[in-house]
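Here the structure is laid out as structure tokens; the discussion comes afterwards.
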Amino acid sequence: MLQVSDIRENSEDIIKRLAIRNINAKPIINDVLDFDEQRRQMQTQLDATKAEMNALSKEIGNLFKSGQADKANALKVKTSELKDTIKSVEQALNDKALALQDMLYKIPNVPNVLVPEGNSDEDNLETLRDGEIPQLHDGALPHWDLAKKYDIIDFELGNKIAGAGFPVYKGKGARLQRALIAYFLDKNTDAGYTEYQLPHVVNEASGIGTGQLPDKEGQMYHITADDLYLIPTAEVPGTNIFRDVILNESDLPIGITGYTPCFRREAGSYGAHVRGLNRLHQFDKVEIIRVEHPSKSYEALDGMVAHVQDILKELELPYRILRLCGGDLTFASALTYDFEVFSAAQERWLEVSSVSNFETFQSNRLKLRFKNADGKNELAHTLNGSSLALPRILASILENYQTEAGIRIPEVLKPYTGFDIIN
RNA sequence: GGAGAAAUGGCAGAGUGGUCGAAUGCGGCAGUCUUGAAAACUGUUGAGGGUCACACCUCCGGGGGUUCGAAUCCCUCUUUCUCCGCCA
């Protein structure tokens, strides 16, 4: 959520930069300015009326105490009119404030100057490409066939138990998945992130805090009986650790990491590009989250990108980094880098990580602040990224590391798997 | 799931209708003293809105109500604790 004070001061600039997302924000920004102006007028009126009421009440109290009950009762008559005014202005103010908030909820974050123009993923800017694309032997298979051949992932069984998009991992497949989780967590904690185990459900306030609610509730599984949501990413419980928190400046930066399953409804998309592990309703992910001083957040973003890069290098997977264009940027992000690995049998790039700086967009909703050098509360910046998402990494390992003798295990994972080939 | 108790500032803890944004202690910060530190002493120390700055308004778990006036009374929700039951 953008800050009203920012919109007041820089409305022209904000409109210009939102145009990079291909939206014409002028009407809604003008509405925000109007509503804000009206809201503040009402607030001033309400404050003045309340001040009058308070003074009157005090006077009445004093009169009663000094035994002048008749004078006090005479004053009481005057209060009822003030009371009515307070009630009606208060109601109008609340309505206005809610309407203003609804508007603000609908405005996406302002893109950073580095965000390229564009409409779709085709306009994303490739900033780096690294790693060897392996030459596969004749008869190499896509991962869904490998999964069946070596009996390590059972999609049909998942269908039976839960439905499409809920695969069952078995034997060495399950072990490889667990190895990846442990390896990722170790890499993250070695880089200074503190490991957390977080709830896999969140309440409504948390969903609002990170921007999934309102409006995007369709993407989350909703447990209506208890009004809880299955998390679509550890970002939601992880970032909400800091909801309504005022940190000391010396607490920054904060880095946390956590493994969670992620649940996404993502209804209405079927076909070859979502086959196998490419897109699921439940998948595993290890997330990194940072809380940063505003002056350091872009440096931190670069650090996160370098960190994820390091992991992909160690796994010896061919990858590329994309700077997302305005049309592809998520609602809350100011700047996002996507990581894609090349899955050699499908011959496709698969997104395995998305690293973003949200600046104050989330912290404004969360009320996540720190006391700055002047002793004032200032919104912190939040960032997060996948480090890493499991299924597509697993898919690319299966495909890229396949040989006629079986699927080799990347060197760094061997201590975690305890075996060096799936055959 | 049943019965009872409670929720106040960073923490502990007073406060049952007005002078309470809230005693007191601890902690934090600044100062005095000291070569330095500790101790002691003095001062200061919640958040949000609003203002050039003041004024002023709001907040004692959340929401609603009674009253001229609510931390204090009433209703409701949530959470925590104790006892009982169940349980990985």
Side-chain angles (χ1 to χ4, degrees), chain A residues 1-9 32-101 103-104 197-209 213-214 223-229 237 240-252 254 261 291 360 362-380:
Chain A
M1 182 166 65
L2 300 181
Q3 291 170 262
V4 179
S5 55
D6 270 0
I7 295 177
R8 267 200 306 255
E9 286 159 27
V32 166
L33 291 172
D34 279 354
F35 272 56
D36 177 49
E37 177 66 35
Q38 293 165 28
R39 199 213 84 225
R40 282 185 296 154
Q41 267 177 25
M42 289 174 179
Q43 183 77 59
T44 306
Q45 191 196 347
L46 180 65
D47 285 0
T49 314
K50 278 188 169 173
E52 212 179 318
M53 186 72 156
N54 287 346
L56 211 50
S57 294
K58 197 168 251 178
E59 207 179 328
I60 290 170
N62 287 333
L63 286 173
F64 272 123
K65 207 167 298 169
S66 58
Q68 299 171 272
D70 46 338
K71 274 190 178 175
N73 284 319
L75 281 181
K76 271 198 195 181
V77 180
K78 286 172 73 178
T79 61
S80 72
E81 192 183 330
L82 285 175
K83 250 178 139 171
D84 289 348
T85 307
I86 287 173
K87 207 155 211 168
S88 67
V89 176
E90 208 159 43
Q91 184 59 51
L93 175 68
N94 284 343
D95 291 350
K96 190 61 72 175
L98 273 175
L100 178 61
Q101 188 166 59
M103 283 180 202
L104 289 170
Q197 288 193 5
L198 296 159
H200 298 171
V201 294
V202 292
N203 56 28
E204 187 186 17
S206 293
I208 289 172
L213 298 175
I223 304 165
T224 52
D226 300 290
D227 202 15
L228 294 168
Y229 296 86
N240 273 283
I241 292 171
F242 303 103
R243 175 154 46 85
D244 292 321
V245 165
I246 301 174
L247 299 161
N248 294 314
E249 193 165 359
S250 60
D251 294 332
L252 300 175
I254 293 171
V291 181
T360 59
Q362 290 182 329
S363 58
N364 190 31
R365 289 186 168 206
L366 293 163
K367 292 193 171 58
L368 161 55
R369 294 162 294 178
F370 67 97
K371 276 219 185 302
N372 67 20
D374 300 331
K376 295 257 185 196
N377 294 324
E378 188 176 338
L379 293 173

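Note that these values count all heavy atoms, side chains included, but never hydrogens, waters or copies made by symmetry. In what follows, every chain begins at residue 1, and chains take the letters A, B, ... in the order their sequences are listed.
When the P atom is compared between rA40(B) and rC26(B), the two are found 9 Å apart, to the nearest whole Å. Nucleotides rC86(B) and rA3(B), compared at atom C1', are 16 Å apart to the nearest Å. Taking atom C1' in both rU58(B) and rC20(B), one finds a spacing of 15 Å when rounded to whole Å. Comparing rG62(B) with rU67(B), their C1' atoms are spaced 22 Å from each other, to the whole Å. Comparing rU24(B) with rU8(B), their C1' atoms sit 14 Å apart, to the nearest whole Å. Using atom C1' as the reference point in both rA7(B) and rG13(B), the two lie 13 Å apart (nearest Å). Only the P atoms considered, rG1(B) is 40 Å distant from rG49(B), to the nearest whole Å. Going from the P atom of rU45(B) to that of rC77(B) covers 40 Å, rounded to whole Å.
Pair assignment for rG10(B) gives rC26(B), based on Watson-Crick or G-U wobble hydrogen-bonding distances that are each under 3.5 Å. Base pairing of rC81(B): its partner is rG4(B), meeting the Watson-Crick or G-U wobble criterion (both donor-acceptor distances under 3.5 Å). Under the Watson-Crick or G-U wobble criterion, with both distances below 3.5 Å, rC87(B) has no partner in any strand shown. rA47(B) and rU58(B) make up a base pair, with Watson-Crick or G-U wobble contacts both under 3.5 Å. Remark: rU67(B) base-pairs with no nucleotide in the shown strands. Criterion, Watson-Crick or G-U wobble with two distances under 3.5 Å. The base-pairing partner of rU16(B), taking Watson-Crick or G-U wobble contacts with both distances under 3.5 Å, does not exist among the strands shown. Under the Watson-Crick and G-U wobble criteria, each requiring two contacts below 3.5 Å, nucleotide rG21(B) is left unpaired. Look at rC41(B): its Watson-Crick or wobble partner, with both distances under 3.5 angstrom, is rG31(B).
When all heavy atoms are compared, the tightest approach of Pro261(A) to His200(A) is CD-CE1, 3.3 Å.
Distance Asp251(A) CG to rG28(B) P: 15 Å, rounded to the nearest Å. Across the protein-nucleic acid pair, Asn203(A) atom CG and rU79(B) atom C1' stand 12 Å apart, rounded to whole Å. When rounded to the nearest whole Å, the span between CD of Glu90(A) and C1' of rU58(B) equals 10 Å. Put simply, CG on Leu82(A) is 13 Å from P on rC57(B), counting in whole angstrom units. If you measure from atom NZ of Lys71(A) to atom C1' of rC68(B), you get 17 Å, rounded to the nearest angstrom. Taking atom NZ of Lys58(A) as the reference point, atom C1' of rA70(B) lies 15 Å away to the nearest angstrom. Distance, Asp227(A) CG to rU78(B) C1': 13 Å, rounded to whole Å. Look at CG on Leu247(A): it is 19 Å from P on rG28(B), rounded to the nearest Å.
Other residues, nucleotides and ligands contribute only 12 or fewer heavy atoms inside 6.0 Å of the NZ atom of Lys71(A).
Between the Ser363(A) side chain and the Ala380(A) main chain, a donor and an acceptor come within less than 3.5 Å of each other. Between the side chain of Asn73(A) and the main chain of Ala69(A), a donor-acceptor pair closer than 3.5 Å is present. Of the possible donor and acceptor atoms, one in the side chain of Thr85(A) sits under 3.5 Å from a partner among the backbone N and O of Glu81(A).
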Atom pairs, protein N/O to nucleotides 47-51 of chain B N/O, distance under 3.5 Å:
residue, atom, partner, partner atom, Å
rA47(B), OP1, Lys371(A), NZ, 2.5
rA47(B), O3', Asn377(A), ND2, 3.0
rG48(B), OP1, Arg369(A), NH1, 3.0
rG48(B), OP1, Asn377(A), ND2, 2.6
rG48(B), OP2, Asn377(A), ND2, 3.4
rG49(B), N2, Asp47(A), OD2, 3.1

Any protein N or O atoms within reach of nucleotides 61-65 of chain B? Criterion: under 3.5 Å, listing atom names and distances.
none

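Here the CG atom belonging to Leu93(A) is positioned 9.5 Å from the CD atom belonging to Gln91(A), to the nearest 0.5 angstrom.
When heavy atoms are screened at a 4.0 angstrom cut-off, Ile60(A) is found touching base atoms of the nucleic acid. Note on Lys50(A): only backbone sugar-phosphate atoms sit closer than 4.0 angstrom, heavy atoms only; bases stay farther off.
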Name each donor-acceptor pair under 3.5 Å that joins a side chain in residues 242-252 of chain A to protein atoms two or more places apart or in another chain, with its distance.
residue, atom, partner, partner atom, Å
Arg243(A), NE, Asn240(A), OD1, 2.8
Arg243(A), NH2, Ser206(A), OG, 2.9
Glu249(A), OE1, Ala373(A), N, 3.1
Glu249(A), OE2, His293(A), NE2, 3.3
Asp251(A), OD2, Asn248(A), N, 2.9

Could you walk me through whether Gln45(A) and Gln41(A) satisfy the side-chain contact (heavy atoms from CB on, under 4.5 Å) test, starting with their C-alpha distance in whole Å, then the side-chain angles of each, then the deciding distance to 0.1 Å, before giving a yes or no? CA-CA 6 Å; Gln45(A) 191 196 347; Gln41(A) 267 177 25; over 6 Å; no

Report the C-alpha separation of Gln362(A) and Leu368(A) in whole Å, then their side-chain angles, then the decisive distance to 0.1 Å, and conclude whether the side-chain contact (heavy atoms from CB on, under 4.5 Å) test is met. CA-CA 8 Å; Gln362(A) 290 182 329; Leu368(A) 161 55; over 6 Å; no

From CA spacing to verdict: side-chain contact (heavy atoms from CB on, under 4.5 Å), Ile7(A), Leu104(A): CA-CA 10 Å; Ile7(A) 295 177; Leu104(A) 289 170; 3.7 Å; yes

side-chain contact (heavy atoms from CB on, under 4.5 Å) between Glu90(A) and Lys50(A): does it pass, once the steps are laid out? CA-CA 10 Å; Glu90(A) 208 159 43; Lys50(A) 278 188 169 173; 3.2 Å; yes

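Side-chain atoms of Asp47(A) and Gln43(A) form a donor-acceptor pair, as typed in the model, at a separation below 3.5 Å.
At the phosphate of rC57(B), OP1 or OP2 sits under 4.0 Å from a side-chain N or O atom of Asn54(A).
Ranked by how close their nearest RNA chain B nucleotide is to the 5' end, Lys83(A) and Ser57(A) are led by Ser57(A).
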